Amino acid sequence: MSNWTKSDWRAKPRIQMPDYTDAAALNAVEAQLSEYPPLVFAGEARTLKKHLADASRGDAFLLQGGDCAEAFDQFSADGIRDTFKVMLQMAMVLTYGAKVPVVKLGRMAGQFAKPRSAPTETIDGIELPSFRGDIINELAFTPEARIPDPKKMLQAYTQAAATLNLLRAFSTGGFADMNRVHSWTLGFAEGSEAQKYVEIANRIQDSIDFMAAAGINHDTTHEFTTVEFYTSHESLLLEYEEALTRLDTTSGKWLAGSGHMIWIGDRTRQPDGAHVNFASGVQNPIGLKCGPSMTSDDLKALMATLNPENEAGRLTLIARFGAGSVGEHLPRLINTVREEGANVTWVCDPMHGNTIKSTSGYKTRPFESVLREVREFFGVHNAEGTVPGGVHFEMTGQDVTECTGGVRAVTDENLSDRYHTACDPRLNASQSLELAFLVAEELSELRTQRAGLRAAS
Ligand code: PEP
Ligand code: CO
């Protein structure tokens with residue numbers, strides 16, 4: 001948008017954002033953040049956009065994953081390393097199984113602010129404002145902890161910068177070298193999916209040995225020794241986003257400097273609202289969560305506002321309808337996209353439509369429902385002749401017990417063992433890998449079928 005400015009959102013209706021009580025403190029933090037370096041470079045965001053354009057055509061596949069909410073008290077090198085590792089393993093399974101390049105995008109280095117289903121929370125008759133993520137207030141159930149504190153934005157920035165620094169070091173410093181494919185297996189990984197991964201790793205090692213024997217130098221080839229890893233988060237706390245927005249001198253366009261991709265949540269996607277206005281003016285690739293209440297008219301308006309030039313890779317539609325509901329909603333939205341002739345990348349988030357309360361009282365997601373939604377997503381694209389461009393998971397490399405099911409079955413009773421999430425329940429490493437095998441299977445079937453159709457015609 002040509003006359004857009006980074007503070008235009010302030011004149012639009014806003015929801016799901018805190019009312020800071022101390023305006024002076026807020027202004028001071030915003031001023032400080034505005035002077036800090038951005039976390040990402042515009043050229044990187046443009047490269048990611050190209051990869052997402054590839055994914056929209058079926059020439060690449062997006063793997064987006066990480067915590068529901070990053071937490072200040074769970075910030076550690078091991079945590080970052082383990083999630084990075086599992087994503088590398090999953091990407092390897094997908095690349096190997098489906099023969100397609102995988103775009104790796106963390107829900108990391110900025111995923112701190114959370115939309116909530118209710119503004120307040122009541123426990124034992126006491127009502128307090130809801131917890132909105134570590135960048136805003138604190139989880140502890142006391143009136144003081146729930147007061148939004150703008151200074152938390154500075155801590156979030158610092159944590160995001162350090163996280164991104166480590167991710168960049170892992171990506172290019174030798175950790176992600178394909179010659180080390182065996183070493184990415186996690187210490188506690190066992191069971192059939194870990195075994196299946198080791199088999200793939202063996203075959204990759206074989207191919208590498210073959211190339212070495214044939215004189216191809218895999219030790220120094222860039223594609224073998226490094227990976228591209230990008231970051232993303234929900235663009236919810238617009239004071240933080242605005243303060244990190246910079247004019248990119250190369251393109252003359254604005255960049256949200258807080259991460260490579262930002263997305264708009266299912267609760268804050270009002271076409272005339274603050275969050276859509278902010279995203280419309282920055283050049284980053286934009287994700288848009290699409291839940292059951294997304295109407296065709298909403299989607300039309302949103303595509304027009306967020307991607308007026310119909311640029312491929314700019315807009316990723318993240319479908320999150322819930323198992324059993326994909327068939328009701330995805331075809332009608334695919335139809336809208338078709339009618340508009342719009343370029344979009346379709347991605348499946350099988351997490352947010354499948355959250356339930358377990359009998360033991362924990363918020364959980366049955367692995368079966370997650371699997372089922374992924375299958376339904378592929379089924380609809382198969383029937384419509386459209387492209388499933390990627391998946392979006394809440395997951396961790398830690399051996400947590402937050403989602404039930406999987407081959408190393410987590411039961412309702414197990415949930416309390418290692419339930420550590422700061423918000424929604426995440427897939428653990430084993431469940432994540434199991435899912436990657438399923439996605440690889442679906443993807444390779446679809447590709448074989450379509451290649452067959454092309455050959456026959
Ligand atoms: C999320 O991704 O954590 C989230 C809140 O998703 P949604 O907006 O789709 O509910
Ligand atoms: Co979530």
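Atoms within a ligand are numbered from 1 in the order they appear, just like the ligands themselves. Source: prediction; values computed, not measured.
Under the 6.0 Å distance and 45° angle rule, K6 does not count as a cation-pi partner of F278.
Set against the non-hydrogen atoms of R267, the atoms of ligand 1 under 4.0 Å away are 10 (O). Each of the following atoms of ligand 1 lies closer than 4.0 Å to a heavy atom of R320: 7 (P), 9 (O), 10 (O). Per-residue contacts place R107 under 4.0 angstrom from the following atoms of ligand 1 (heavy atoms of the residue considered): 1 (C), 2 (O), 3 (O). Atoms of ligand 1 lying under 4.0 Å from at least one heavy atom of G265, given by number and element, are 8 (O). Residue E394 approaches ligand 1 through these ligand atoms, each under 4.0 Å from one of its heavy atoms: 1 (C), 2 (O), 3 (O).
For ligand 1, one of its N or O atoms has an N or O atom of D266 under 3.5 Å away. The shortest N/O to N/O separation between H352 and ligand 1 falls below 3.5 Å. Checking only distances, D349 never comes within under 3.5 Å of ligand 1, N or O to N or O. At a 3.5 angstrom cut-off on N or O pairs, Q111 does not count as close to ligand 1.
Among all protein heavy atoms, the one lying closest to atom 6 (O) of ligand 1 is K289 NZ, 2.8 Å. In terms of protein heavy-atom proximity, atom 3 (O) of ligand 1 is nearest to K114 NZ, 2.7 Å. Scanning all protein heavy atoms for the shortest distance to atom 5 (C) of ligand 1 gives P115 CG, 3.7 Å.
Looking at D424 and the Co ion (ligand 2) together, the shortest N, O or S contact belongs to OD2. Residue-level check: among N/O/S atoms of E394, OE2 sits closest to the Co ion (ligand 2).
Considering only heavy atoms from C-beta on, I136 stays 4.5 Å or farther from F131 through its side chain. Inter-residue side-chain proximity for E70 and D134 is flagged as unmet; no heavy-atom pair is nearer than 4.5 Å. Proximity of Q270 to R14: side-chain heavy atoms (C-beta onward) are nowhere separated by under 4.5 Å.
Residues L62 and A55 come closest through the heavy atom pair N-CB, 4.5 Å.
Considering CD of E402 and CG of L415, their distance stands at 9.0 Å, rounded to 0.5 Å. The SG atom of C290 sits 6.0 Å away from the CZ atom of F321 when rounded to the nearest 0.5 Å. Here CZ of F367 is found 7.5 Å from OG of S430. Values are rounded to the nearest 0.5 Å.
In C423, neither the side chain nor the backbone holds a heavy atom less than 4.0 Å from any atom of ligand 1. No part of M351 comes within 4.0 Å of ligand 1, judged by heavy-atom distances.
Side-chain contact annotation: Q64 with H392, donor-acceptor N/O pair under 3.5 Å present. Residues S251 and Q283 bring a donor and an acceptor atom of their side chains to less than 3.5 Å of each other.
Among the atoms of C423, no N, O or S atom is found under 2.8 Å from the Co ion (ligand 2).
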